[in-house]
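Presented below is the structure to which this report refers.
Only this structure's heavy atoms are used, side chains among them; waters, hydrogens and symmetry mates stay out.
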Amino acid sequence: WFRDYLYIPLGGSRVSEAKIVRNILLVFLVSGLWHGANWTFLAWGAMHAILFIPLIIRNQHRSYLKVIGGFKALDGLRIISTFLLVSLCWVFFRSENIAQAMAYYSGLIDASIFQLDQPLNFILLLWIALMLIVEWSNRTKLHGLEIETWNPWIRRGIYFSLITIIFLFGNLNEVEFIYFAF
């Protein structure tokens, strides 16, 4: 919808580089506002635009389609950095206001998740690393978890483990449906 009714009518990518940047920024800002009338959603959209614009300018926004060959350390670094940056952007999406998002970022530095002396934190970080490896190894496929060729018991074990981790680390009792206010 945003592509067809906003990005393309603005000129899409067939205009000057400055207008392409403007178009991308507008699409992401409107996308943020579409999720809610709050400064946090606007910030969320702006942050994603800021992360995406350099890829557009360098014509690397579809580089995942060209992946051929074996492991490259830079691929792994790109996957990890994308995961971390997008995860940090989502803080604004879930925050009630900008101050709450900033407080969360401040607390993130001292977060107990980085204390690996706690067994559950170590397991969580280990699973995150495993999922990043699976994502990288399946980067030429449409979906990162495209593991149909795996033994069904391995697949079930992975799904069961992920659900268990969600229950252990998720605060399922206090979280309301994200679009409840709409």
In chain order, what residues pass the side chain to side chain contact (heavy atoms under 4.5 Å, CB included) check against [X], with sequence neighbours excluded?
{"X": "Tyr104", "answer": "Val91, Leu108"}
{"X": "Leu85", "answer": "Leu51"}
{"X": "Ile20", "answer": "Tyr7, Ser13, Val15, Ile24, Ile56"}

Taking side chain as C-beta onward, heavy atoms only, is [X] less than 4.5 Å from [Y]?
{"X": "Phe28", "Y": "Ile50", "result": "no"}
{"X": "Phe92", "Y": "Met102", "result": "yes"}
{"X": "Asn97", "Y": "Gln100", "result": "yes"}

Quick one: [atom1] on [X] to [atom2] on [Y], what's the gap to the nearest 0.5 Å?
{"X": "Glu17", "Y": "Ile53", "atom1": "CD", "atom2": "CD1", "value": "10.5 Å"}
{"X": "Ser31", "Y": "Leu26", "atom1": "OG", "atom2": "CG", "value": "12.0 Å"}
{"X": "Phe93", "Y": "His48", "atom1": "CZ", "atom2": "NE2", "value": "9.5 Å"}

**Request:** Determine, step by step, whether Leu10 and Arg22 satisfy the side chain to side chain contact (heavy atoms under 4.5 Å, CB included) criterion, reporting the C-alpha distance in whole Å, the side-chain angles of both residues, the deciding distance to 0.1 Å, and the verdict.
**Result:** CA-CA 9 Å; Leu10 287 171; Arg22 177 205 64 186; 4.1 Å; yes
**Asked** With Phe83, which residues qualify under ring pair (Phe, Tyr, Trp, His ring centres under 6.0 Å), at least two apart?
**Response**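 In terms of ring pair (Phe, Tyr, Trp, His ring centres under 6.0 Å), with neighbours along the sequence ignored, Phe83 is linked to no residue.
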**ring pair (Phe, Tyr, Trp, His ring centres under 6.0 Å) partners of Tyr5, counting only residues at least two apart** =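 Counting only residues at least two positions away or on another chain, Tyr5 forms a ring pair (Phe, Tyr, Trp, His ring centres under 6.0 Å) with Trp1.
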Please report, to 0.1 Å, the donor-acceptor pairs under 3.5 Å made by any side chain of residues 37-46, with sequence neighbours excluded.
unit_1: Asn38; atom_1: OD1; unit_2: Thr40; atom_2: N; d: 3.4
unit_1: Asn38; atom_1: ND2; unit_2: Glu96; atom_2: O; d: 2.9

**Asked** Short question: side chain of Arg3, backbone of Val27 - any donor-acceptor pair under 3.5 Å?
**Response**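 Here the side-chain-to-backbone pair does not exist.
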